[in-house]
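Just below is one structure, and these are the notes that go with it.
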Amino acid sequence: EARTPDEWVQLGAESGGTMADTPYYLIKEDCYVWSPCKVVSWDVEQRHFVVELENGKTKPVKRLNLRFHDEDASLFEARVAAAKAEREEVEAGLRYLFCLDGL
């Protein structure tokens, strides 16, 4: 990670928020699309960013669902791929343990 959460927030503090993209669910199309947003704060206790969408709504967003415009896109994609691979590994381990419990 290139910056701490607070550093990401401070990067855009003077312009109303740090520019980024986050997945946004379109009900009519039944799909997610990457939508522009402004990162306005970091919630330390909940460990998520608060973003303001183009329509003025705010929502909490975890780091893996937030791509800052000022970050290297390839590093972001690598971080997401690593998280997905780790999740798959943990899920496989849990399936194995459940299988052993059933014996």
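These figures come from a predicted structure and were not determined experimentally.
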#### Entry: Nonpolar side-chain network containing Tyr25, other nodes, edges under 4.5 Å
Ile27, Tyr32
### Members besides Val40 in its Ile/Leu/Val/Met/Phe/Trp/Tyr cluster (side-chain heavy atoms under 4.5 Å)
Val50
Solution key, residues 79-90 side-chain donor-acceptor pairs under 3.5 Å, sequence neighbours excluded:
| from | atom 1 | to | atom 2 | distance (Å) |
| --- | --- | --- | --- | --- |
| Arg79 | NH2 | Glu71 | OE1 | 2.7 |

### Message
Which residues pass the ring pair (Phe, Tyr, Trp, His ring centres under 6.0 Å) test with Phe68, not counting sequence neighbours?
### Response
Trp8, Phe49
#### Entry: With sequence neighbours excluded, residues passing ring pair (Phe, Tyr, Trp, His ring centres under 6.0 Å) with Phe98
none
Side chain to side chain, [X] and [Y], heavy atoms closer than 4.5 Å:
X     : Y     : answer
Val33 : Leu26 : yes
Cys37 : Leu66 : yes
Arg63 : Phe76 : yes

### Query
Would Val61 end up clustered with Tyr24 when hydrophobic side chains under 4.5 Å apart are linked, directly or stepwise?
yes
### Query
Out of curiosity, does Leu64 fall in the hydrophobic cluster containing Trp34 (side-chain heavy atoms, cut-off under 4.5 Å, transitive links)?
yes
### Query
How would you list, by chain and number, every residue that makes a side-chain hydrogen bond (donor to acceptor under 3.5 Å, both in side chains) with Ser15, sequence neighbours excluded?
none
### side-chain contact (heavy atoms from CB on, under 4.5 Å) partners of Gln46, counting only residues at least two apart
Asp43, His48
### Listed partners of Glu7 passing side-chain contact (heavy atoms from CB on, under 4.5 Å), at least two apart
Arg3, Thr4
### Message
Main chain of Asn65, side chain of Thr22: is a donor-acceptor contact present, judged purely on distance under 3.5 Å?
### Response
yes
#### Entry: Any pair counted as salt bridge (Lys or Arg N to Asp or Glu O under 4.0 Å), so long as it reaches residues 49-59, sequence neighbours left out
none
### salt bridge (Lys or Arg N to Asp or Glu O under 4.0 Å) pairs, two or more places apart, involving residues 21-39
Asp21-Arg67
### Query
Shortest non-hydrogen contact from Gly12 to Thr18?
N-OG1, 2.9 Å
### Task
Could you grab the distance from atom OG of Ser41 to atom CG of Asp6, nearest 0.5 Å is fine?
10.0 Å
